[in-house]
Protein chains: 4
Amino acid sequence: MCRWLAYSGSPIALDTFLLEPEHSLIDQSLHSRMGVETTNGDGFGVGWYGDGPEPALYRSTSPAWNDRNLRELAAQVRSGLFLAHIRASTGTAVQQTNCHPFRHDRWLWMHNGVIRGFSAIKRELILAVDPDLFASIEGSTDSELMFYLALSLGMDDDPVAAVERMVGLVEQTAERHGIENPLQMTLATTNGEQLWVFRYSTEQCSRSLFYSTDVRALRALYPDNPRLEGISDETRLIVSEPLSDLPGVWNEIPEASCGIVQAGQDELRPFRPRR
Amino acid sequence: MCRWLAYSGSPIALDTFLLEPEHSLIDQSLHSRMGVETTNGDGFGVGWYGDGPEPALYRSTSPAWNDRNLRELAAQVRSGLFLAHIRASTGTAVQQTNCHPFRHDRWLWMHNGVIRGFSAIKRELILAVDPDLFASIEGSTDSELMFYLALSLGMDDDPVAAVERMVGLVEQTAERHGIENPLQMTLATTNGEQLWVFRYSTEQCSRSLFYSTDVRALRALYPDNPRLEGISDETRLIVSEPLSDLPGVWNEIPEASCGIVQAGQDELRPFRPRR
Amino acid sequence: MCRWLAYSGSPIALDTFLLEPEHSLIDQSLHSRMGVETTNGDGFGVGWYGDGPEPALYRSTSPAWNDRNLRELAAQVRSGLFLAHIRASTGTAVQQTNCHPFRHDRWLWMHNGVIRGFSAIKRELILAVDPDLFASIEGSTDSELMFYLALSLGMDDDPVAAVERMVGLVEQTAERHGIENPLQMTLATTNGEQLWVFRYSTEQCSRSLFYSTDVRALRALYPDNPRLEGISDETRLIVSEPLSDLPGVWNEIPEASCGIVQAGQDELRPFRPRR
Amino acid sequence: MCRWLAYSGSPIALDTFLLEPEHSLIDQSLHSRMGVETTNGDGFGVGWYGDGPEPALYRSTSPAWNDRNLRELAAQVRSGLFLAHIRASTGTAVQQTNCHPFRHDRWLWMHNGVIRGFSAIKRELILAVDPDLFASIEGSTDSELMFYLALSLGMDDDPVAAVERMVGLVEQTAERHGIENPLQMTLATTNGEQLWVFRYSTEQCSRSLFYSTDVRALRALYPDNPRLEGISDETRLIVSEPLSDLPGVWNEIPEASCGIVQAGQDELRPFRPRR
């Protein structure tokens, strides 16, 4: 199990929420309180939109807390849209190609959760990937395969529907193999313009997911950080676990929901797998 | 393109042929003369039979020449049957799960060469892997997939036939996609008792493969190494490139051949893809 | 802060106490209960006596829990005398040359603890290293420097006295710089024949250190492991933190003591810094 | 032995000269023609001035040619002043803290060459480092020590004089130990405003060093790269080995010289060690 953070808003240095000594994702990598594992030391990644149409990636198999290059990079790079993820492997190889976020064209994708009984249904699922996309799969995780299934099922046209179809397909396949409660997920994905986040599990007992309520509350979290002074009211942070106990900062995303962060009004919709 | 070495014979410390300053695989990793690339710095691996029924693996993404742990390990571990491989990636990710040798149960497998047009036919080939073996594939190389195809096509019963079927399948699939001369390979595989090596390419212009002729000639290669004094007459070294220019040490394995190193008389047979 | 384990006794596979799913050092690397940090993911190392006069080392900057090569190696290598260490850096670079154990000739050395105010006194301490040994220092830790100081102060002749002089020197130097309570240490060192362990801190409040009492109690810890059936009565395990709560297995080494594990009767002596 | 590149001029993406398939530093890392070793695969680094007063660093022990993060980063980061270095170790540990460039406050430093007999004189040289700087030394190379000696000898006031004193000190110390021709170096150092490059060796037979003559010639090297269209006439590239054979692009820096790249007229001066 893993921890992640998605940011959308005024361009800001990546280290703001990743590397602060308190209330940051790195801090969580050593001391997660809500995660299944307290240590998330099996690699990490950050994906951001910068120069050029495609997002950039920095992924490493080191624990995030001792990676010096991450500190250098995160202090230099500014972005208005980025995803960051710290990994706790449940057995799959610790290698860059298994680190989130995953990228395809303009898309980024990251996941916390699991497909139960994955080894039993991996082959069937992989067959459902569009043959033209197949050779782009580089790693061996369930998370990356979920991404390629969603891409095959229409991400470019309707991301919410594509993810609903992907989940439907996974559940249907698992059902045929007698696997109970196959899917557990909190997901974030973006095309560089909108950001979609999902909280869902077959057993309706999903891992946590929170979004920041209000920019003023977010600023209060980091009173000493002048960078947060100028950020816009539309700035949003979505996190798998609150970065602090500060009351008023975090709203929980309800069970079986999808949130859409975008220019103008954000949206929160029920999420229903499609078969 | 890569370089490799297979050893079968009297138990010997792994560093004997891997790490000597001259006439060793590591020496070749920096200065290959026959390889397509002169540098093989994209990871390496060694697999050996020791305690227990399954072989052990040490694989790393560091260049072999600067990996200190390899030096320590290779000086301590003795084995009578081992495979060693240094990798030059042609674009596939540099990660442990893409380093040779690959292992499944008692089997080890390593490869120098390429499936041309691999991304176009990877999906079809992967479908031909036995569903029970499918989830064991960990990396993304053509070489590992060739291994799982051969395992699916009968390695346990008849390794030569299984490899001939695997090559037939690859060539047939490539043909349907209009890919010319799809396969280039020198292969070594072993079940811990026998060692099979193959030299083959569709275009009948295969990469080099050599076996040591005679233990006395091998000893002459390393006159200062007392370890070679006591090795048996059945000891064999098979290498993708000669470890020296010393005349009389190396015999080239003919184009489209399979060699079998085993107790008693070794064999050399023609290799014919089966469709 | 770190965790470590020293073994002396009948030759045994390294994974016995390092990698068992419960009651092992790796288990502690994720869930230390007595350590200052609960996570020890900043590299690890194991040093053992095998072939040849000098011990062998395997050290890596990966977290021990996800290092596949460690699992392979530790299942294959057997030794009657080995040291293993998992590291939690307090800021010093995560690199192989900072991983314990350290080696010089026949000696191995590992440390849990700290020299407080190290950056202020490092230069003076390094000047006290024998000039002939100076160039062998490879890393940047206080622990390695303590080793080279002890070597300079007579390890080959009288290891206990050498460590007492080293501690005296560190305390004296720190005093001149107004540093309070400069030293905190549990140490293990061996020349391949005897094993010395130390528990000491200037403030007389040292980190924990335990030795196994009785081989029968040790066997009871791993009831399913047949390897422990045949081990001799002289077998000893010394650990920075007990590998289990099982009563009767562990004795605490007293504050300011030195233990000597050797053929015949082991010894436990008071430890007194020498100035 | 190593290869390096220093850039000063209009802000440009780092990948321009580092990662082009031809005529780039990475290309040289595999196929150096003038270097002593043809392979430079023992780590690399890039240091650049971006946000904030101190330069940023990205250093890695992977071979530069297969480091994916370098490709991502170098495509995103733009700078008007950066140093890049690829390393071929001559035995010193391959670790981030031994990768160039080295950084202290606003300074960056990189080196190609060697102090001969370094292990014999390292201790004496390290004693000459300002005690306040001593604890900042992180690695074990001669190159980093040369940097700290120069910092101790007045870099902030007069960099050329400081380097001349450092070289004088090294030569004098070596002389006392009977080491002939102790120093071989091409150096680059910068404080974020000016860039100093040095070519010197005790034996007056220094490794190569070249600077770009004219921006038009530089543009001709990369005819398809629109980024070079807009760069200013003051843009300079200094390289340890020409990035191409194109006539008119490169001028050799003379034996025993120092070049200063700065706003206004650049300078070229004779270099004379000071004792």
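Every chain is numbered from 1 and lettered A, B, ... according to where its sequence line falls, protein lines coming before strand lines.
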> Taking all non-hydrogen atoms of both residues into account, name the closest pair between Arg78(B) and Asp51(C) and its distance.
CD-OD2, 3.7 Å
> Tell me, side chain or backbone of Leu57(B) under 4.5 Å from chain C's heavy atoms, or both, or neither?
both
> Take atom CZ in Arg106(B); do more than 12 heavy atoms of anything else shown fall under 6.0 Å from it?
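Count over threshold, so yes.
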> Check each atom of Ser79(B) against the heavy atoms of chain C and say whether the ones under 4.5 Å are side chain, backbone, both or neither.
neither
> For a quick test of reading the model, state the closest non-hydrogen atom pair linking Ala56(B) to Glu72(C) and the distance between them.
CA-OE1, 3.3 Å
> Grab the two heavy atoms, one from Glu54(C) and one from Gln76(B), that are nearest each other, plus how far apart they are.
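Scanning both residues, the minimum pair turns out to be O-NE2, 4.4 Å.
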> Which bit of Thr97(C) comes within less than 4.5 Å of chain B, counting heavy atoms only: side chain, backbone, both or neither?
side chain
> Is the closest side-chain heavy-atom distance between Leu73(C) and Leu73(B) below 4.5 Å?
yes
